[in-house]
Enquirer: 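This is the structure I have questions about; it appears just below.
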Amino acid sequence: MSPTSRKRPDQNQFGITTLEDISTLILQSHDLDETLDNIVTLVARRMGTEVCSIYLLEDDGLTLRLRATRGLSRRAVGKVAMKISEGLTGLAVEQGKVVSILEPQNHPRYRYFRETREERFHSFLGIPLFDRRRPIGVLAIQTLAPRQFGGEEISALSTIAFQVSSIVVNARLLDSIRQKEEQANRFVRELEQTRQNRSHQPGEAENAARSDYRALRGTPAYPGVASGPANLLDERLGLTDIVDKADVEPRRERALLETALEKTRIQTLYLEKQMAARLSADDAAIFHTHLMILEDRGFIQKLLSAIEQRRHSAAYALKTVVSDYIEAFGRMEDAYLRERAADMEDIGRRILANLMGQSPQPLQLKNPGILVARELLPSEVASLEPEKILGIVTEMGAKHSHAVIMAKSMGIPTIVGVKGALKRVTPDENLILDANSGTLYINPPPQVAEEFRRLEADRHREIQRFEAFRDQPARTADGVEIKLRANIGLMGDVAIALRNGAEGVGLYRTEFPYMARGDFPDREEQYLLYRRIVEEFGGHPVTIRTLDIGGDKALPYFAPPQEDNPFMGWRSVRVSLDHRDIFRTQIEAVLMAGVHGPIRLLFPMISSMEDIRACKEVVAEARRHLRAAGLAAAEKLPLGIMIEVPAAVYLSERLADEVDFFALGTNDLIQYLLAADRNNPLVARYFDPLHPAVVGALGQLAQTARKHRIDLCLCGEMATEPMHMALLLGLGVREFSMAAPFIPRTKAFLSRITLGQAEKIARTALGFGESRQIREGIRKELADQGLLDI
Ligand code: PEP
Ligand code: MG
């Protein structure tokens with residue numbers, strides 16, 4: 001086939017099916033090289049490119065080595081290595097972004113490796129691989145014919161690159177886990193030896209428990225220590241954890257079941273095809289059997305009668321029917337038939353997954369414990385009862401996953417990226433989670449358990465120290481009242497905010513409920529949600545921010561355009577103003593909910609007077625629309641803007657005339673003021689809340705708000721740090737919004753500082769021109785006043 005006649009794949013198709021295949025490859029393989037090899041083969045085939053290669057960065061962080069290739073000489077694998085300062089592949093790492101080049105030989109960075117015989121290629125596409133934001137390698141594509149890669153292709157490949165990164169990271173982690181496990185086992189053996197030396201004869205059960213001791217490693221996501229039984233949240237054991245619903249509506253449950261069955265059938269067909277292509281028709285036959293069971297009238301009939309006659313929920317019906325089958329198969333004499341029990345379990349698990357995906361029913365856990373899951377979706381986390389989650393362990397590694405955001409706001413110790421956790425933990429096993437070091441101990445020996453009990457007790461003592469402040473208003477030592485509100489995203493945050501004594505909501509990130517759905521929620525759905533939240537806060541204001549997507553937040557059903565610089569691009573209110581229907585719908589829902597309690601409407605990313613005026617126009621339009629429809633809307637609803645773009649700081653005097661309040665978004669404001677990506681560890685030291693330019697801007701904003709008598713609430717992460725809090729207070733900020741678990745501690749801190757002391761700190765800070773001096777100056781003031789220990 002000539003290079004130009006090679007058929008290019010449909011791009012959307014490429015993205016979705018290839019991703020699914022890669023996920024399967026990842027799940028099925030435990031050997032890194034084999035997986036990388038499979039991935040390059042798959043991507044090259046699906047993309048219709050002659051070459052796909054993966055290069056990984058060595059431990060020195062400077063050398064890239066070819067680890068897998070389809071199209072280049074196989075002999076080059078493991079041999080070809082280059083510094084990141086050379087070659088186009090190195091360029092992708094150095095620049096930390098996609099490099100797409102036609103006629104690569106003409107590029108000054110081109111470097112030829114004889115082993116690869118790559119002079120024949122006329123286009124090059126290099127996609128960097130990252131572990132969080134640390135570069136770890138490159139996925140490189142080359143083609144014989146000159147080819148300009150489209151935005152969709154690049155975006156699909158970037159997602160694949162993300163997956164490749166996660167398997168590389170996990171494989172490396174696995175190595176360190178094995179080492180840790182060896183250590184842990186050695187420790188147990190030594191303990192055992194000591195005990196025997198003391199001629200103690202342990203009981204059988206005790207021995208068994210100890211020989212079961214394992215330790216798994218992950219990445220700490222939210223610190224803390226917890227212990228308790230394992231609550232597994234996965235498809236494998238989801239069935240056992242299902243409890244029935246009280247008021248079942250059979251018609252609805254039946255429809256849910258039918259959709260789930262249909263989805264499972266399609267997925268099974270797909271699995272069968274995939275298996276046949278990769279291995280053989282014989283290997284794929286097992287899925288054919290699954291399909292037969294899924295279509296079996298007896299099976300379906302049993303499920304339906306469990307719903308209709310016994311009035312079980314679809315999930316519970318599935319649990320009972322599948323359990324019966326499993327039991328029956330398990331009792332059979334014939335070994336082949338006995339194995340069908342595992343198939344039944346597999347099928348049940350897949351139907352259940354579809355049932356859950358179809359309608360996020362509340363996942364009810366039996367007892368408080370440590371939740372072990374592959375990954376948690378926001379809707380799942382939101383439906384869990386927080387008091388039953390003592391700790392969270394996920395197999396997926398994303399530190400910015402929703403699970404982590406939620407865990408943080410709930411203050412739950414969490415570790416992520418625990419490879420194979422679901423396979424290696426069984427329900428109700430004793431776990432100790434040390435989220436400070438990222439270790440999960442399974443069936444720990446008594447000595448380890450004892451040490452952690454002590455740590456846990458210390459943690460509880462610390463929590464209790466702040467407990468006393470929960471229900472008190474926030475006040476400085478000299479009685480100045482400060483408002484502490486909560487940042488929330490999902491419904492689950494509300495209870496946490498209330499429990500931690502938040503005086504309302506300073507920032508409701510409405511993109512979270514949007515992210516949790518399969519499509520844009522309609523007005524009614526949004527109205528009910530906002531109304532419920534404002535009612536829960538019983539008279540305290542709830543600040544609802546309109547959709548803030550783009551940058552690093554995408555909606556699954558609203559693909560963002562490919563942008564070189566998404567944080568500077570089409571994000572936030574810019575998207576809303578370009579999609580007025582979506583924007584107006586949200587504002588109408590907010591206005592309607594405003595009838596039920598004090599709501600404030602907040603617009604993100606305002607960078608000009610035109611922006612805010614356009615937003616106000618949409619508010620007016622929404623009011624007219626509601627009035628015409630005869631629907632009630634809040635008469636007076638305070639309007640505010642996020643100050644998070646430097647232009648808004650400079651325009652703050654004018655903007656103050658347009659709005660009722662400012663919300664100071666320091667997460668973005670700092671990144672834009674200092675040109676330092678808030679998520680990029682390479683520039684983390686530039687992202688500095690105590691940079692003199694930031695301190696100056698914050699001081700100026702506090703003054704502007706006071707002069708114009710409008711509210712100013714700071715809702716960026718910086719407020720959770722007492723040192724920053726002291727400074728902000730001194731600069732004149734009196735209202736803060738933060739992740740709710742930080743509120744009691746902040747109240748405790750405020751109760752020990754006087755306004756005079758804070759103002760002295762602010763004067764000191766404003767007098768310096770360097771961050772280091774500011775930081776040391778604040779620390780010294782706090783130390784002199786005995787306030788550093790909190
Ligand atoms: C901010 O930018 O400071 C902020 C609070 O908003 P977000 O973190 O949602 O961008
Ligand atoms: Mg922001």
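What's counted below: heavy atoms across the whole structure, side chains too, no hydrogens, waters or symmetry copies. Whatever order the structure lists them in is the order used to number ligands and atoms, beginning at 1.
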Enquirer: When you check the gap from the basic side-chain N to the acidic O, do R775 and D688 get nearer than 4.0 Å?
Expert: yes
Enquirer: Using a strict cut-off of less than 4.0 Å between a Lys/Arg side-chain nitrogen and an Asp/Glu carboxylate oxygen, indicate whether R600 and D711 qualify as a salt bridge.
Expert: yes
Enquirer: Sort out the contact shell of ligand 1: every protein residue with a heavy-atom distance below 4.0 Å, listed by chain and number.
Expert: L507, R509, R545, D548, K553, M642, E644, G665, T666, N667, D668, R678, C715, G716
Enquirer: Taking the side chain as every heavy atom from C-beta outward, state whether T746 and F736 have any pair of such atoms under 4.5 Å apart.
Expert: no
Enquirer: Please examine the side chains of I533 and E536, heavy atoms only from C-beta on, and report whether any two atoms are closer than 4.5 Å.
Expert: no
Enquirer: Is it the case that the side chains of S737 and R485 hold a donor-acceptor pair, with the cut-off being a distance below 3.5 Å and no angle test?
Expert: no
Enquirer: With no hydrogens and no angle check, is any side-chain donor or acceptor of E511 less than 3.5 Å from a backbone partner on I549?
Expert: no
Enquirer: Is any side-chain heavy atom of L528 closer than 4.5 Å to a side-chain heavy atom of E524?
Expert: yes
Enquirer: What distance separates F687 CZ from I670 CD1, expressed to the nearest 0.5 Å?
Expert: 4.5 Å
Enquirer: Identify which protein N/O/S atoms are less than 2.8 Å from the Mg ion (ligand 2).
Expert: E644 OE1, D668 OD2
Enquirer: Would you please say whether a donor-acceptor pair under 3.5 Å links the side chains of R531 and Y527?
Expert: yes
